[in-house]
Amino acid sequence: MTPARPKSPSARPIDARAFDLLSLTMALVLGLHSPHLPWWLGIALALILGWRWWQRRRHVGRVPRWLKLPLLVLLTLAVIVHYGNIFGREPGAALAVGLLVLKLLETEAARDVRVGISFACFALMAALLFDQGLIATVVVALGLLPALATLRALEPGQLPTSLPRALLPALALSAAALPLALLAFLLVPRLSSPLWGAPSQDQARTGLGDSMTPGNFTDLLTDDHPAMRVSFDGAPPPPDQRYFRAYVMWNFDGRSWRHLDPRYAPPRQPAPLEVASSVRYQINLQPTRRRVLPMLDVPLQAPAQATLQADHEVMADKPVNDQLDYTARSALQYRLQPSLDERSRRLGLRLPADFNPRTHALAAQWRQRYGSDDAAIVQAALGLFHDGGFRYTLAPAPLGRDSVDDFLFDTREGFCEHYSSAFTVLMRAAGIPARVVTGYQGGYWNKFGNYLLVRYSDAHAWSEVWLAGRGWVRVDPTGAVRPERVSLGAAAAAGDQLSWYRNDWLQGLRNRWDIVNRWWDQGVIGFDALRQRGLLTPFGIRDADTATLGVLLAISSMLFIAIALAWALLRRQPRDPLRGALRELERKLARKGIARRPAEGPQHYLSRAARALPGQRDELARLMRSYLELRYAHDEPPTEPLRAFLHAVRDFRIVNVVK
């Protein structure tokens, strides 16, 4: 009978430590992708992964095909049903993560582990298509540590260690690779457009919309992600002048306000503007998927590839799907449209019929009382908000069909949307042209970075009324109820709501952390082809083309490889763990006078040592047989017997010597 051929090392079953590290790697991949996976798919994959880890601890072997194939079919069908196809970032990522977890069901041999680790590293990198922030990038980098530790656990002679000790060599390898990664980041030629089709689109936050319904700002007012960062040429304006105009809304249907989309309206020139003072500044705007560019009230001109609209809104030529830097100049003291044309007057007075009768009655009383004094009517409305028992809250009561009536006379609670909407309706009902403006107000002045940090929670709505001789005048009715909303910002206006999240210590820490995020956005995410071409400007090369970058990359890579090779050649650690163990045993015996002779083989040497140590003859004989079998009976020593031999050598102690 022909003896069975021994299995190749890559086909032998792996030990529990390697499987545990592989499971940890896949769990990290699943955790990274879980925010954009359907919740039910994430839970299902987590259960499958946990069950497979538990089952493998009890019984070594692959999961039967009759279970794997239905799971594969179910995964594919679930992705198609949920997303409509399997192409694109979301369905592709869901399918890839699912296949990765299912791969664990058939993982038993070293080749399976290597395939799984390669796929897991790809899935880790794919997570950056959804979030390229600093924390996400660090987490992805840390996710590589168990992957490297898993590969190292497959090497022969690796002793079982604790998880932290298993990850330390992987951390050292990652640190050693950082210089090469930095070279690749700086010198690999950049594409003019993203390889994966503008991955930053999925990072964009919608932010302000082109319509406003009282109550729909709530998500924004509790979202403290940065919306934009503003740097000024000189001192920043005071808090009560930090109004950033986005949308001007004219149309009111009884419930919601809507912006007049310039693409579907007759083109008009920007309204006349008389400027008393202005300020110049630079804005770094986060992706929004919208065309509007928030500008300090009131912008004087539009930046490149944008248009100044009739109401002094600024619209980009295309949606902002990537970070956008632009320079602008705005008026802080001005008269906007001193003479009102008939069309604007008509739009500024239009109200839907049969809505909010009590509001109309109150406005009529004011008109009768104050006559033609429009400014007095404005002050009467602000006095109502200030003295009428109104309350600022982010969780107001719901409103009915006559929303303004319900707010003014019943609930009397809300935030900026409620106050600006009710005030504007009151003005129109009293015969004063008025409109709603949405944007951002306030922000945190970061003295360390010398810029104004405006968050999504700084979203705000206010009103503009047209007064004879003064033009459009900004009126913020929210300030009549909660003045600190204007002077101190959105966090102060929230009061004790979300106090655990808005305490001074945490707010200060988060605002300082934004300096790091700003550096990351500008230095890493914003490192595009244009900046790369100017990388060598300090060295006299104004425009580094692809050929120059390629030559520098080749030279730098060869230098790095030469240093790494020299370091590897100078390492004193033996590459062969079996030979290293034998040398350790030789050192132990030599300290007792039993040194190995130059021409003496291991079998003769250990036999002589056994004769010299009769009390440990059996132990030395076992070590000799183990060494000879591991060295000469296999192409590569089996993992478990090799570990046993290494342990035995390490624990060997000489008790007596016979001369």
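Model, not experiment: these values are computed from the prediction.
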Is it possible for you to check whether [X] lies under 6.0 Å from the centre of the six-membered ring of [Y], through NZ or CZ, and within 45° of that ring's axis?
X	Y	answer
Arg346	Trp250	no
Arg345	Trp466	yes
Arg280	Phe232	no

Is it true that [X] and [Y] make a salt bridge, defined as a side-chain N closer than 4.0 Å to a carboxylate O?
X	Y	result
Glu464	Arg435	yes
Asp410	Arg358	yes
Arg258	Asp210	no

* Asked: Please walk me through it: do Tyr419 and Phe407 pass ring pair (Phe, Tyr, Trp, His ring centres under 6.0 Å)?
  -> CA-CA 9 Å; Tyr419 291 102; Phe407 171 71; 5.0 Å; yes
Check [X] against [Y] and note the closest heavy-atom contact, atom names and distance.
X	Y	answer
Pro477	Val475	CD-O, 3.2 Å
Val292	Ala246	CG2-O, 3.3 Å
Pro338	Glu274	CG-OE2, 3.6 Å
Ala127	Leu32	CB-CB, 4.4 Å
Arg242	Leu296	CA-CD1, 4.0 Å
Arg245	Asp311	NH1-O, 3.0 Å

Within this structure, what is the [atom1]-[atom2] distance for the pair [X] and [Y], rounded to the nearest 0.5 Å?
X	Y	atom1	atom2	result
Trp366	Ile377	CH2	CD1	8.5 Å
Ser277	Gln333	OG	CD	4.0 Å
Met228	Gln286	CE	CD	11.0 Å
Leu285	Gln323	CG	CD	9.0 Å
Leu324	Leu293	CG	CG	6.0 Å

Under 3.5 Å side-chain donor-acceptor pair for [X] and [Y]:
X	Y	result
Tyr281	Ser330	yes
Trp257	Ser421	yes
Asp233	Gln282	yes
Ser463	Ser420	no
Asp131	His36	no
Asn284	Tyr451	no
Asn251	Arg350	yes
His259	Glu313	yes
Ser403	Asp406	no

* Asked: Do Tyr456 and His225 have ring centres separated by under 6.0 Å?
  ->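 So the answer is no for these two rings.
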* Do any pairs count as a side-chain hydrogen bond (donor to acceptor under 3.5 Å, both in side chains) and have a residue in residues 371-380, sequence neighbours left out, and if so which ones? ->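 Of all non-adjacent pairs touching residues 371-380, those that pass side-chain hydrogen bond (donor to acceptor under 3.5 Å, both in side chains) are Arg367-Asp374.
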* Asked: side-chain contact (heavy atoms from CB on, under 4.5 Å) between Asp297 and Tyr334: does it pass, once the steps are laid out?
  -> CA-CA 10 Å; Asp297 216 10; Tyr334 56 86; 3.7 Å; yes
* To do: Start with the C-alpha gap between Gln441 and Asp458, add the side-chain angles, then the distance that decides, and say whether side-chain contact (heavy atoms from CB on, under 4.5 Å) holds.
  => CA-CA 6 Å; Gln441 193 280 325; Asp458 293 311; over 6 Å; no
* Return the orientation label for the Phe423 and Phe385 ring planes: parallel under 30°, perpendicular over 60°, tilted otherwise. =>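 Rings of Phe423 and Phe385: tilted, 30 to 60°.
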* Contacts of type side-chain contact (heavy atoms from CB on, under 4.5 Å), residue Leu351, not counting sequence neighbours ->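 Once residues adjacent in sequence are excluded, the partners of Leu351 under the side-chain contact (heavy atoms from CB on, under 4.5 Å) criterion are Phe252, His360, Val425, Arg428, Ala429.
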* Verify, without hydrogens or angle tests, whether Asp402 (side chain) and Phe355 (backbone) share a donor-acceptor contact under 3.5 angstrom. =>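 Flag not set: sc Asp402 to bb Phe355 has no pair under 3.5 Å.
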* To do: Indicate yes or no: at least one non-hydrogen side-chain atom of Leu452 is less than 4.5 angstrom from one of Pro236.
  =>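 Contact flag for Leu452/Pro236 side chains = no.
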* To do: Carefully, step by step, assess Tyr243 and Met295 under the rule side-chain contact (heavy atoms from CB on, under 4.5 Å).
  => CA-CA 8 Å; Tyr243 284 83; Met295 304 279 275; over 6 Å; no
